[in-house]
Amino acid sequence: MAIVDAKEMLLEATAGKYAVGAFNVSNLIQLEAVVAAAITKRAPVIIQTSVSPSRFLNPKVIGAIYRTIAAEAPIPICLHLDHSDEVPYCKTCADAGYTNIMIDASKHDFEENIRQTREVVDYCHGLGGISVEGELGTVSGTEDQVKVSEDEARLCDPSQAVEFVQRTGIDLFAPAIGTAHGVYKTKNPKLDFDRLQAIIEMLNGKGLNTPIVIHGGSGLADDAVKKLVSLGGAKFNVSTDLKHRIIDTTYDYISAHRGEYNTGKIDKAVKQAVMDRIHYYIDLLGCAGKA
Ligand SMILES: [Zn+2]
C-alpha cells in the first residue's frame, strides 16, 4: 500500500537533505511513466495535475487511476492538485481522492490569502489523510490558468512567513524566491537563496517543521537545483520540461514514421522519453533509493 500524503514523505526528505520530484501529468501514459521511473529508482514520488487537465479528465477518474496504481506500487506515491485558485475546486479534488491540495490564493492580499488557505486546510484536515500546500509571494510566469507577469511577481517576505504558516495551518509551504513557471528568459535566473535560507531559519526558529516547496523547477542549472535542495527545498515541481519532451518526442516520432498509424508506438516513445527525464531529476534531487 503506497498511498500517502505528502507531509510525512517530505519531512523525511527535509531531514535527509534530499527533495522529492513532483511531476505534472495530463494523461495516463505520463502518469504511468512517472511511476515506472520512480519504481526503477526506488524513489518516493509525487504525481501532480494542474487544474485544466484535472477538470478535463475528471478528478474522480484521476483519483481512481491513482489509487489503483499506487496501491500496487512498492514506493510511496502522492497525488497532488497544483495551483488551484478556487476553494471549491480544492474541495472537489480532496473529495475525489487527491492526497495533497495546493490552494494558490497568492494573488490576493495577505489576509485574504490566509482566509482562503485556512478554509482549504480545515476542509482537508477534516477529511483526514490530505495535506495542503499554500503559497506566499507570487511565482512569475504561466502555470495553467495562473498567469503572473514579471512586474506583478512578488517574492515572499520572510517576516510574514511564520505568521502565514501558523495562521493557515498548512502542511507544505511554497515561498516565492525568484523561480518562475514556463521557460526561463535568461540562462541564469536570479534565485534568492538568501531569502530561502532566511525563511527556513525563521520557521525553524519558531519550531515550525513545514516542508518547503520549490516551484518552477524546469530549466534551472544543476548546481542551482542542488543548492535549493541543500538549503531545504523538499518538494521540487517540474512541468514545462516534461511538456517539451512529450511534444518534441511525439513530433519526432510522427515525422520519422509518417505512414505508420500505430498510436501505441507513439505512446511507447513518449513513455520512454518521460521516464528518461524523470530518472535525471530523481538523481539530481538525491531521492534515488529513498523509498
Ligand atoms: Zn507552481
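Order of appearance sets the numbers: ligands from 1, and atoms from 1 within every ligand.
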Which count of protein N, O or S atoms is obtained for distances strictly below 2.8 Å from the Zn ion (ligand 1)?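 Step by step: take the Zn ion (ligand 1), keep protein N, O, S below 2.8 Å, and you get 3.
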[X] side chain to [Y] main-chain N or O, any donor-acceptor pair under 3.5 Å?
X	Y	result
Y98	P59	no
T240	V183	no
D144	S52	yes

Ion pair present between K227 and D223, side-chain N to carboxylate O less than 4.0 angstrom? no
Kindly determine whether D267 and T263 satisfy side-chain hydrogen bond (donor to acceptor under 3.5 Å, both in side chains), including the steps that lead there. CA-CA 6 Å; D267 292 344; T263 54; 5.0 Å; no
Under 3.5 Å donor-acceptor pairs involving side-chain atoms of residues 126-137, not counting sequence neighbours:
from : atom 1 : to   : atom 2 : distance (Å)
S131 : OG     : A6   : N      : 3.3
S131 : OG     : N100 : OD1    : 2.5
E133 : OE1    : H80  : NE2    : 3.4
E133 : OE1    : K235 : NZ     : 2.9
E133 : OE2    : H215 : NE2    : 2.7
E135 : OE2    : S106 : OG     : 3.2
E135 : OE2    : V139 : N      : 3.3

